[in-house]
Structures are given as C-alpha cells and as structure tokens.
> 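To start, I am sharing the structure in question, which I have written as structure tokens.
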Amino acid sequence: MQSFKDRVLEIVAKIPKGKVMTYKQVAQSAGSPRACRVVGSIMKSNFNPKIPCHRVIRIDGKVGEYNRGRAEKIRKLRAEEAIK
DNA sequence: TAGTTGACCGGAA
DNA sequence: ATTCCGGCCAACT
C-alpha cells in the first residue's frame, strides 16, 4: 500500500515529454481530485531528477511555484514546447 | 492524537 | 481584469 505521496510521484514521473499536467489533474489521477494542495506539498518534499515537477502547473496555466525559481521552470517548459 | 501548514482551486468583491 | 476569502485533503511536527 503506497501513500498518496508515492502515488503522485509515480504519476508525475510518467508525464511524457512535451506534456503538462495540472495539480488537480495529478491529484485526481492519484485518487483525490481535491488534494491539489497536497500534491504541491509532496513535490517540494520529494524533489528528485526522476520527478519532472516542472511539468506540473496550475490549472490557470500559470507555472505556480518552484523550489529553484519559476523562471527556470518556465524555461524548461518552453524548451519542451509544453506551453506557449 | 490533535493541530498546523500549504508548489491550489473556485467563487465573490 | 485583479485581489481576497474559504475549503478541501494529506503530510509534517
């Protein structure tokens, strides 16, 4: 039995290149569509290169926050053509 | 065990 | 259009 945290990490790690998922979408895929806040908290607590958290953005299309800086996150997304 | 926190979302002013 | 407030749920202390 994996915790919600592990499940979210697994889903985020499965996000294909050039694709982006919203926090809510990830939370829903993890089993709790209303735990969008928890998803963010999980990521900052489990940041590792296997988890492309820069592909997880807000539902509004904004990048949200990032442990290394939003500019860096946006740059990566643009490099993958995941966003405008 | 209970309380606080938060990389969010949605609605209201 | 932007800004404020409340809610929701899991992790952390």
> Tell me if the side-chain of Arg34(A) makes a donor-acceptor pair with the base of dG10(B), cut-off 3.5 Å, by modelled atom types.
no
> Whole angstrom is fine here: how far is it from CD in Glu65(A) over to P in dT5(B)?
18 Å
> Could you tell me whether a side-chain N or O of Lys73(A) sits under 3.5 Å from a main-chain N or O of Val63(A), the two making a donor and an acceptor?
yes
> Tell me whether the OP1 or OP2 atom of dA7(B) has a side-chain N or O from Arg58(A) closer than 4.0 Å.
no
> To the nearest 0.5 Å, what is the distance between NZ on Lys17(A) and CZ on Arg55(A)?
8.0 Å
> Grab the NZ-P distance between Lys44(A) and dG6(B) for me, whole Å please.
6 Å
> Side-chain N or O of Lys24(A) versus OP1/OP2 of dG10(B): is the shortest distance under 4.0 Å?
yes
> Carefully, step by step, assess Lys14(A) and Glu10(A) under the rule salt bridge (charged side-chain N to carboxylate O under 4.0 Å, His left out).
CA-CA 6 Å; Lys14(A) 286 184 173 77; Glu10(A) 179 109 351; 2.6 Å; yes
> Measure the distance from CD on Gln28(A) to P on dC8(B) and round it to the nearest whole Å.
18 Å
> Run the salt-bridge test on Arg58(A) and Asp60(A) with the 4.0 Å N-O cut-off and return the result as yes or no.
yes
> For Phe4(A), answer base if it contacts any base atom (sugar-phosphate contacts may also be present), sugar-phosphate if it contacts only those atoms, and nothing otherwise; contact means non-hydrogen atoms under 4.0 Å.
sugar-phosphate
> Identify, between Cys36(A) and Ser3(A), the residue whose nearest nucleotide on DNA chain C lies closer to the 5' end.
Cys36(A)
> If you check every side-chain atom of Ile42(A), which of dA7(B), dA11(C), dC8(B) has the closest atom?
dA11(C)
> Transitively linked via ILVMFWY side-chain contacts under 4.5 Å: Tyr23(A) with Met21(A)?
yes
> What is the distance from OH of Tyr23(A) to P of dG6(B), rounded to the nearest Å?
15 Å
> Which whole-number value in Å describes the distance from Leu9(A) CG to dA10(C) P?
15 Å
> Using only side-chain N and O atoms of Ser41(A), determine if any of them is under 4.0 Å from OP1 or OP2 of dA7(B).
no
> Has the side chain of Tyr66(A) got a donor or acceptor atom sitting under 3.5 Å from an opposite partner on the base of dA7(B)?
no
> Find which nucleotide of DNA chain C each of Ser45(A) and Ala35(A) is nearest to by heavy atoms, and output the residue with the more 5' nucleotide.
Ala35(A)
> From CG of Asn46(A) over to P of dC12(C), roughly how many Å is that when rounded to an integer?
7 Å
> Take atom CZ of Arg37(A) and atom C1' of dG6(B), then tell me their distance rounded to the nearest Å.
5 Å
> Let me know the distance between CZ of Arg7(A) and P of dC9(C), rounded to the nearest Å.
15 Å
